[in-house]
Every structure is written in C-alpha cells, then in structure tokens.
Amino acid sequence: MNTAPFDAPIYVTRPVLPDLTVYERHLADIWRSCTLTNGGPKHAALEQRVAAYLRAPHASLFVNGTISLIVALQALRVTGECITSPFTFPATTHALTWMGVRPIFCDIDPVTLTIDPDKIEGLITLKTTAILGVHVFGVPCHVHAIQEIADRYGLRVIYDGAHAFGTEIEDRGIGTFGDATSFSFHATKLFHTAEGGALAVCDAKVKARVDLLKNFGIQDENTVVMPGINGKMSELSAALGLCVLDLVEDERRRRAEVACVYRARLGALGGVTLPPVLPGVRPSQQYFAIRTPKRDRLQTYLRSRNVFTRRYFYPLTSEAACYRQVPTSGRENLPVAHQVASEVLCLPFYGDLGVENAARICDMIGELP
Ligand SMILES: *Cc1c(COP(=O)(O)O)cnc(C)c1O
C-alpha cells in the first residue's frame, strides 16, 4: 500500500490535447484560407462530426455552453417560469435569469442526482413554459418521465448536457431527447475546444432559428430577422475540436478503466456511495463523483497528499445570494439536493491518471479514520 503524498499535484481533470504538430497542420490551413471565423471550413467539418458523434439529427456549434443554453431558451421561446434543478453549475440557472425567466427549483433523485420527475408536477403553475434538466456527471435525467409530464402540460424540455457528451440511452444519443440539449466544450470537459459548446436539436426549423440567433439574427446582407447574439465558434477552436474529437473514444476507454479501479476498491472499503450504473446507459465518463458523510475531512486529507478533489455541486445554485430569495430555494423544498451537496466529492478522473494512481488514491481514502 502506498499512501505517501504525490510528488506533483493531481487535479480533478486534465484536458485532452493532441500532438502540437497535428494542430499546426490545421493552423496552416487556416492561415492559407485567411478565414478565422463566421462558419469557415473547420467549423463546418466539426459541426458535422459533432452531430454524427452525438447521433443527433442537428447540431450547432457555439462559443461556449452557456450561450448555447441561452440561445436554446430564446429559440424555443421559453418565458415566465421554468422548472429546474439546483444541483448544477451556476450557468444553468443564470441562463434562465438572462432570459428573464424565473427559475423554479425542484428537488433531485437521490440515486441519479438529476431532477426528480415525481416532484415536477407540484411546481407547475400557469406561468410554467419549460423544464430544464441537467444530465449531472453524464448520468441522464429521467427523460421518458419528464417528456410525459411536458406533453401533458404543453411544456418545452431543455437539457443541460454539459457533462453528457457521448452519453447514450438504449443506443440513442442523449441529444435526441427533449427539444434541445446544450453541451459545453470548455477545457475541463471530456470533449473540448478550449472554450466552446454546441446545441443538439431534432427539429430542422429549430436548428434554423438557432443558427440565426447565434449570428446576430442576420439572414443576409439586407435582412436582420430577430434580436440575435454573437455565439459563433472560431476556426481556431473548431480546428482544436477536430483534433480532440479523434482522441475522445480512447480517452473514454481509459477513463472507464480508472472508474473500474475506483468502483472495485472503494466498493470494498464501504462507507462510500458510488455513482450509479444504469441499465441501458452508456456513460460519458465526465466525472467520478462519490458521496460520503466525511466529505470535507476527506477533501482536506487528500489535499495534504497533493490530491485536489472538487465539491461539485456545492453550494447549490439556489443558495447563491442572487437566488436565495426565490420561494422554491427553501431547504424544505430541496431536502435531497441539500443532503447530496453536503456529501458529494469528485475524484481525479482523466485517462492519464492511470489505474495505479487511482488505486493509490483509493488507499489514501481507506486510510482516513
Ligand atoms: C461547464 C458547465 C456549463 C458551462 O459551460 P461553458 O462552456 O463553460 O459556458 C454549464 N452547465 C454545466 C452543468 C457545466 O458543467
């Protein structure tokens, strides 16, 4: 057993990077074409490949995930109130606020950590127009139950799939559920373009509206058809994406090996709740989140061993100063989310970590009194 501190710090993730020479070949193309943005050839190629990888009928690339989420809400005309999960990154809730939509916080399922469909109906009012779920850590929401409620009440369904690049349910891409799914291609995400994002939609009319909205609403030289924004991904980011996408399958395979070690070793230790294994689901391998009542002590202890974990998602977005006054932010409305937020810890999780280092981290966890 080796529980001596690591010589170099171990972080929760590390971006996948191609050989520099591979990226340089793309840069040479860009320099030759003198096209840096506005939907150039790299953008076109990546958009097609991302849609294919996600097995989504349509994808639109974005400058980041947050703008893609805001544009999804605008494209689908979400107004009034939207039922959403507080167990997420602040961007999910902020996107609603930027659209002038009031977030209505709903508690989460204690196993999947995604919005609890049994708690949604009680929160619907005459102002409700949509449900915004989050595929937390790449674990899918209860998509069928959510769609059933949405259909009954005529609501839109939008998913924040920032963690779910490549998640599949029964061989269906995660982006084919609901009206739109946003993805983040931030450097911390499994697939990244340094900064970037995408929106997957099934309806070609929605895709057309999304593409107008991300380019200022400009239809042609003479016509501006709607109040759009600048959400375009540059050619430099798209080129990086083309290189990183080639490496994603291998990265997922290596992360699955790390997950295997974590599951076996931590399962044997006991006292730790492991991420769920759901039948028919292919996980994205974005994060490996455990739960333990000793969370804060464990985090401090691991830090002393040069292992830097993250408490995603603590605090809940409903606890932020800007959302605490929302009536549904009350602790009594969100008991499961509060409990989970106090226990969750994301362990280092990336291919280069390797199975031996993962085993060593498990030994450290086992050592904590
Ligand atoms: C990373 C992340 C975002 C934000 O994506 P950006 O590309 O950084 O704008 C949104 N939601 C969740 C759940 C995330 O993890």
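Note that ligands are numbered from 1 as they come in the structure, with each ligand's atoms numbered from 1 the same way.
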Exercise. Nearest protein heavy atom to atom 2 (C) of ligand 1, by residue and atom, and its distance?
Worked result: Lys189 NZ, 3.0 Å
Problem set entry | Phe165 and Tyr53 aromatic ring geometry - parallel, tilted or perpendicular at 30°/60° bounds | parallel
Exercise. Which of the listed options, Ser68, Ser184, Ala187, Gly197, holds the heavy atom that is closest to atom 7 (O) of ligand 1?
Worked result: Ser184
Problem set entry | Which of the ligand 1 atoms, numbered from 1, are nearer than 4.0 Å to a heavy atom of Ala91 | 4 (C), 10 (C)
Exercise. Would you say the side-chain atoms of Thr292 and Glu343 include a donor-acceptor pair closer than 3.5 Å?
Worked result: no
Problem set entry | Option set Val136, Ile70, Asp160, criterion heavy-atom distance to atom 13 (C) of ligand 1, minimum | Asp160
Problem set entry | Shortest protein contact, atom 3 (C) of ligand 1 (heavy atom only) | Phe89 CD2, 3.7 Å
Exercise. Of all the non-hydrogen atoms in the protein, which one sits nearest to atom 9 (O) of ligand 1, and at what distance?
Worked result: Thr66 OG1, 2.5 Å
Exercise. Of all the heavy atoms in Ser182, does at least one lie under 4.0 Å from an atom in ligand 1?
Worked result: no
Seminar exercise, completed: Residues passing the salt bridge (charged side-chain N to carboxylate O under 4.0 Å, His left out) test with Asp171, sequence neighbours excluded, are Arg55
Seminar exercise, completed: When distances are taken from atom 12 (C) of ligand 1, the protein heavy atom at minimum range is Ala162 CB, 3.4 Å
Exercise. Does Glu195 have a heavy atom less than 4.0 Å from any atom of ligand 1?
Worked result: no
Exercise. Relative to each other, are the rings of Phe87 and Phe137 parallel, tilted or perpendicular (30° and 60° limits)?
Worked result: perpendicular
For this session: Please assess Arg263 against Glu257 for the test salt bridge (Lys or Arg N to Asp or Glu O under 4.0 Å), listing each intermediate value before the final yes or no.
Result: CA-CA 10 Å; Arg263 279 188 188 284; Glu257 287 171 9; over 6 Å; no
For this session: Establish, from distance only, whether the side-chain atoms of Asp211 and Ser60 form a donor-acceptor pair under 3.5 Å.
Result: yes
For this session: Please indicate whether any nitrogen or oxygen in His163 is less than 3.5 Å from any nitrogen or oxygen in ligand 1.
Result: yes
